[in-house]
*Asks:* 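Below is a structure I'd like to ask you about.
For the numbers below, each heavy atom of this structure counts, side chains included, while hydrogens, waters and symmetry mates do not.
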Amino acid sequence: MRNDRHDEPLSDEELELFLQYLHRFANHDVDQFVVMEVGDPAHPCYLDLSRAPTPGTDPAAYRRP
């Protein structure tokens with residue numbers, strides 16, 4: 001499923017679905033880590049999902065939605 005509405009923010013309902021899918025993805029698809037490049041190819045967003053916080057970062061700094 002692709003949605004090409006890249007020029008508008010997620011609605012509250014879409015954000016809730018995104019977070020539900022993200023939690024499910026983390027629980028079932030992330031073994032040790034996953035790295036991705038997403039968004040506009042001219043201005044990409046780099047994601048690093050892992051089972052451990054970034055070295056030197058206090059785990060309390062991470063917000064849990």
Side-chain angles (χ1 to χ4, degrees):
M1 176 177 100
R2 286 220 178 253
N3 186 334
D4 293 323
R5 298 180 326 174
H6 299 296
D7 60 339
E8 58 187 80
L10 295 176
S11 68
D12 289 343
E13 189 175 309
E14 289 170 322
L15 180 59
E16 179 60 32
L17 279 172
F18 170 74
L19 292 173
Q20 288 177 24
Y21 289 137
L22 182 59
H23 280 279
R24 198 165 98 201
F25 180 76
N27 287 332
H28 297 282
D29 295 283
V30 179
D31 180 18
Q32 294 182 17
F33 65 90
V34 173
V35 292
M36 297 180 192
E37 178 185 320
V38 298
D40 183 346
H43 304 283
C45 181
Y46 297 95
L47 300 176
D48 184 349
L49 304 174
S50 68
R51 295 279 173 204
T54 301
T57 302
D58 182 353
Y62 291 87
R63 189 184 94 165
R64 184 171 184 90

*Asks:* Roughly how far apart are L22 CG and N27 CG, rounded to 0.5 Å?
*Replies:* 9.5 Å
*Asks:* Apply salt bridge (charged side-chain N to carboxylate O under 4.0 Å, His left out) to E13 and list each qualifying residue two or more places apart in sequence or on a separate chain.
*Replies:* none
*Asks:* With sequence neighbours excluded, tell me which residues meet side-chain hydrogen bond (donor to acceptor under 3.5 Å, both in side chains) with S11.
*Replies:* E14
*Asks:* If you group Ile, Leu, Val, Met, Phe, Trp and Tyr whenever their side-chain heavy atoms sit less than 4.5 Å apart, what else falls in with V35?
*Replies:*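 Members besides V35, by chain and number: F33.
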*Asks:* Please list, chain by chain and in numerical order, all residues satisfying side-chain contact (heavy atoms from CB on, under 4.5 Å) with P65, sequence neighbours excluded.
*Replies:*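 If we apply the side-chain contact (heavy atoms from CB on, under 4.5 Å) test to P65, skipping adjacent residues, the hits are L19, H23, R63.
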*Asks:* Taking only residues two or more places apart in sequence or in another chain, which ones pass side-chain contact (heavy atoms from CB on, under 4.5 Å) with F25?
*Replies:*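 So F25 forms a side-chain contact (heavy atoms from CB on, under 4.5 Å) with D29, V30, V34, M36, L49.
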*Asks:* For Q32, enumerate each residue passing the side-chain hydrogen bond (donor to acceptor under 3.5 Å, both in side chains) test, keeping only those at least two apart in sequence or located in another chain.
*Replies:*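 Partners of Q32 under the side-chain hydrogen bond (donor to acceptor under 3.5 Å, both in side chains) test: none.
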*Asks:* Flag yes if more than 12 heavy atoms outside D12 fall under 6.0 Å of its CG atom; otherwise flag no.
*Replies:* no
*Asks:* Could you note down all residue pairs passing side chain to side chain donor-acceptor pair (under 3.5 Å) where residues 37-47 supplies at least one of them, sequence neighbours left out?
*Replies:* none
*Asks:* Under 6.0 Å from the CZ atom of R24, do we count more than 12 heavy atoms belonging to anything else shown?
*Replies:* no
*Asks:* For Y62, which residues count as a side-chain hydrogen bond (donor to acceptor under 3.5 Å, both in side chains) partner, sequence neighbours excluded?
*Replies:* T54
*Asks:* To check you understand the geometry: which heavy-atom pair defines the closest contact between P44 and P41, and what is its length?
*Replies:*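 Smallest heavy-atom distance, with atoms named: CD-O, 3.5 Å.
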